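To keep things clear, I will list the structure first and then write my remarks on it.
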Amino acid sequence: MDLPRRPLTEPQTNAAPEGPTGDVAEVLCMVRDDRLVQTVRRLAAPPTPQQQIDHLLAGPTQAERERDMTTALAGLSVEVRVGDDARAEAEITEADEGSARTDETLAYAQIVCTLTSRADVASVMLLRDGDRLEVPRADGSLSRGPFYGSDYIGLIAPA
């Protein structure tokens with residue numbers, strides 16, 4: 001039995017879109033059920049790496065929350081620089097440096113996978129006070145980077 005297929009451009013809901021819409025796709029990696037899920041937002045112009053991370057840090061929109069998306073980035077701020085070698089440096093600070101995080105792997109994965117979804121970013125260095133952070137990859141191994149989206153492939157939810 002063949003199932004009817006709908007066009008990819010057909011809206012999934014009748015709700016009005018949140019925020020700006022446009023011709024440029026911005027990929028953000030959110031969290032659902034302790035896995036990474038990509039969400040695509042439409043923008044009028046390509047975001048800078050910093051703008052894309054700012055959008056990620058703002059968390060899911062209402063429509064994304066209705067699809068059970070959350071974030072592991074609460075309490076973080078991130079400053080991004082991209083070098084000529086397509087390596088992004090993400091300087092991470094926490095609002096409460098003394099708090100222990102149980103979701104740090106997901107938080108770092110959100111940053112790395114969002115930045116490496118860009119054509120101009122191949123890898124990411126995670127820094128605190130200018131020093132490389134030793135952070136877990138999806139397999140639990142610790143590394144000081146550079147980090148690639150493939151380091152977190154085990155956390156990506158199936159489409």
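Nothing fancy with the numbering, it's 1 onward along the sequence. None of the values given here were measured: they were computed from a predicted structure. We use all heavy atoms of the structure for the numbers below, so side chains are in, but hydrogens, waters and symmetry mates are not.
- Under the side chain to side chain contact (heavy atoms under 4.5 Å, CB included) criterion, Ala58 pairs with no residue, sequence neighbours left out.
- Annotation: side-chain hydrogen bond (donor to acceptor under 3.5 Å, both in side chains) contacts of Gln38 (sequence neighbours excluded): none.
- With sequence neighbours left out, the side chain to side chain contact (heavy atoms under 4.5 Å, CB included) criterion links Pro47 to Val24, Glu26, Leu43, Gln51, Gln52, Arg118.
- With sequence neighbours left out, the side-chain hydrogen bond (donor to acceptor under 3.5 Å, both in side chains) criterion links Thr71 to Gln110.
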For residues 27-35, please give each side-chain donor-acceptor pair under 3.5 Å, one per line with the distance, not counting sequence neighbours.
{"unit_1": "Arg32", "atom_1": "NE", "unit_2": "Arg67", "atom_2": "O", "d": "2.9"}
{"unit_1": "Arg32", "atom_1": "NH2", "unit_2": "Arg67", "atom_2": "O", "d": "3.4"}
{"unit_1": "Arg35", "atom_1": "NE", "unit_2": "Leu155", "atom_2": "O", "d": "3.3"}
{"unit_1": "Arg35", "atom_1": "NH2", "unit_2": "Ile156", "atom_2": "O", "d": "2.9"}

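- In this structure, Glu91 has no salt bridge (charged side-chain N to carboxylate O under 4.0 Å, His left out) partners at least two apart in sequence or on a different chain.
- Side-chain heavy atoms closer than 4.5 Å link hydrophobic residues (I, L, V, M, F, W, Y) into clusters, and following such links, possibly through other members, connects Leu56 to Val80.
- Val112 approaches Gly149 most closely through the heavy-atom pair CG1-N, 4.0 Å.
- Residue Ile92 is not grouped with residue Met125 when hydrophobic side chains (ILVMFWY) are merged at heavy-atom distances under 4.5 angstrom, including chains of intermediate members.
- Atoms CG and CD, from Leu115 and Gln50 in turn, are 9.0 Å apart once rounded to the nearest 0.5 Å.
- Among residue pairs with one or both ends in residues 144-155, those qualifying as side-chain hydrogen bond (donor to acceptor under 3.5 Å, both in side chains) are Arg137-Asp151; sequence neighbours excluded.
- Summarising the geometry of Ala72 relative to Ala107, their closest heavy-atom pair is O-CB, 3.5 Å, with the distance given to 0.1 Å.
- Closest approach of Thr116 to Ala122, counting heavy atoms only: CG2-O, 3.8 Å.
- Contact detail for Pro60 and Arg65: the closest heavy-atom pair is O-NH1, 2.6 Å.
- Judged as a side-chain hydrogen bond (donor to acceptor under 3.5 Å, both in side chains), and not counting sequence neighbours, Asp68 has no contacts.
- Rounding to the nearest 0.5 Å gives a distance of 11.0 Å between OG of Ser143 and CG of Leu133.
- Within 6.0 Å of CG on Asp129 lie no more than 12 heavy atoms contributed by other residues, nucleotides or ligands.
- Judged by distance alone, with hydrogens and angles left aside, the side-chain atoms of Arg87 form no donor-acceptor pair with the main-chain N or O of Val124 at under 3.5 Å.
- Remark: Thr105 OG1 to Leu36 CG distance equals 10.5 Å, nearest 0.5 Å.
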For the pair Val37 and Met69, evaluate side-chain contact (heavy atoms from CB on, under 4.5 Å) and give the outcome as yes or no after the intermediate values.
-> CA-CA 8 Å; Val37 292; Met69 292 184 194; 4.0 Å; yes

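- Closest approach of Ala90 to Val78, counting heavy atoms only: CB-CG1, 3.8 Å.
- When the side chains of ILVMFWY residues are joined at heavy-atom separations under 4.5 Å, either directly or via intervening members, Val82 and Leu127 end up in two distinct hydrophobic clusters.
- To the nearest 0.5 Å, the span separating OG1 on Thr93 from CZ on Arg128 amounts to 7.5 Å.
- In this structure Glu79 satisfies the side-chain hydrogen bond (donor to acceptor under 3.5 Å, both in side chains) test with no other residue, sequence neighbours excluded.
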